[in-house]
Amino acid sequence: QVQLVESGGGLVQAGGSLRLSCVASGRAVSNLVMGWFRQAPGKEREFVAAMARNGGNIYYADSVKARFTISRDSAKNTVYLQMNSLKPEDTAGYYCAAAGLWRPTMRAYDYDYWGQGTQVTVSS
């Protein structure tokens, strides 16, 4: 069983930055595909970023490319989402997810474990 706990959300002005953290327990993040998703009120959950087990294959949604960066610290068993140049449309609940796959996937239903989420609000 894998447990994921996110933190780092908050209120930030447009153009600002936040770094989300996802601490995993029960399995090493280097043995999992790790992803970030987000969900705004009234909208479906959407893919943000994902990283393969080897850390080499990384996918981003077009809407966040060049602004967001997914990374991990294996020693801390933690995955991060660095978010720069934030826009009001980035406002959403952000969720960390893990999958027992080899390659990253953008499909939410491929992920076996989910965190409780952390809220990010970007003011204009």
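Position 1 is the first residue of the sequence, and the numbers go up from there. As the structure is a prediction and not an experimental result, all values here were calculated from the model.
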Next item on the list: Begin with the C-alpha distance, continue with both residues' side-chain angles, and end with the deciding distance and a verdict on side-chain contact (heavy atoms from CB on, under 4.5 Å) for D112 and V2.
Entry: CA-CA 9 Å; D112 306 300; V2 176; over 6 Å; no
Note to self: With heavy-atom distances below 4.5 Å as the criterion, would you say the side chains of M34 and C96 are in contact?
What the structure shows: yes
Check: With a 4.5 Å limit on heavy-atom distance, are the side chains of R45 and W114 in contact?
Finding: yes
Next item on the list: Just grab all the ring-ring contact (aromatic ring centres under 6.0 Å, His included) pairs involving residues 71-102, residues at least two apart or on different chains.
Entry: none
Next item on the list: Check salt bridge (Lys or Arg N to Asp or Glu O under 4.0 Å) between K65 and all other residues, then give those that pass, not counting sequence neighbours.
Entry: D62
Next item on the list: Could you please spell out the steps behind the side-chain contact (heavy atoms from CB on, under 4.5 Å) verdict for V79 and I70?
Entry: CA-CA 7 Å; V79 175; I70 186 172; 3.9 Å; yes
Notebook entry, point to check: Should L20 and Y113 be regarded as members of a common hydrophobic cluster, given that ILVMFWY residues are connected when their side-chain heavy atoms come within less than 4.5 Å of each other, either directly or indirectly?
Noted result: yes
Checklist line | Value rounded to 0.5 Å, distance of CG in L32 from CG in L101 | finding: 9.0 Å
Note to self: Show the nearest heavy-atom pair for residues V33 and A52, with the distance to one decimal.
What the structure shows: CG2-CA, 4.3 Å
Note to self: Tell me every residue that passes salt bridge (Lys or Arg N to Asp or Glu O under 4.0 Å) with E46, counting only those two or more places apart in sequence or in another chain.
What the structure shows: R38
Checklist line | The single option from V48, D90, V120 passing side-chain contact (heavy atoms from CB on, under 4.5 Å) against M83 | finding: V120
Check: Is the side chain of T91 donor-acceptor paired with the backbone N or O of V122 at a distance under 3.5 Å, no angle test?
Finding: yes
Checklist line | Contact list for residues 8-37, test side chain to side chain donor-acceptor pair (under 3.5 Å), sequence neighbours left out | finding: S17-N84
Item checked: Distance, nearest 0.5 Å, that separates CZ of R72 from CG of L81 -> 15.0 Å
Check: Taking the side chain from N77 and the backbone from V29, do they hold a donor-acceptor pair closer than 3.5 Å?
Finding: yes
Checklist line | A50 to Y111 - nearest heavy-atom pair and separation | finding: CB-OH, 3.4 Å
Check: Heavy atoms, side chains only, cut-off 4.5 Å: are K87 and R67 in contact?
Finding: yes
Next item on the list: Decide whether I58 and V64 are clustered together by the hydrophobic rule: side chain heavy atoms of Ile, Leu, Val, Met, Phe, Trp, Tyr closer than 4.5 Å, transitively.
Entry: yes
Margin query: Counting only heavy atoms not in E89 (residues, nucleotides, ligands), do more than 12 fall under 6.0 Å from its CD?
Written below: yes
Next item on the list: Provide the closest heavy-atom pair for L4 versus A24 in the form atom of the first, atom of the second, distance.
Entry: CD2-CB, 3.7 Å
Notebook entry, point to check: In chain order, what residues pass the side chain to side chain donor-acceptor pair (under 3.5 Å) check against T105, with sequence neighbours excluded?
Noted result: D110
Item checked: Donor-acceptor under 3.5 Å (E6 side chain, Q116 main chain) -> yes
Checklist line | Residue pairs passing the ring-ring contact (aromatic ring centres under 6.0 Å, His included) test where at least one lies in residues 43-68, sequence neighbours excluded | finding: F37-F47
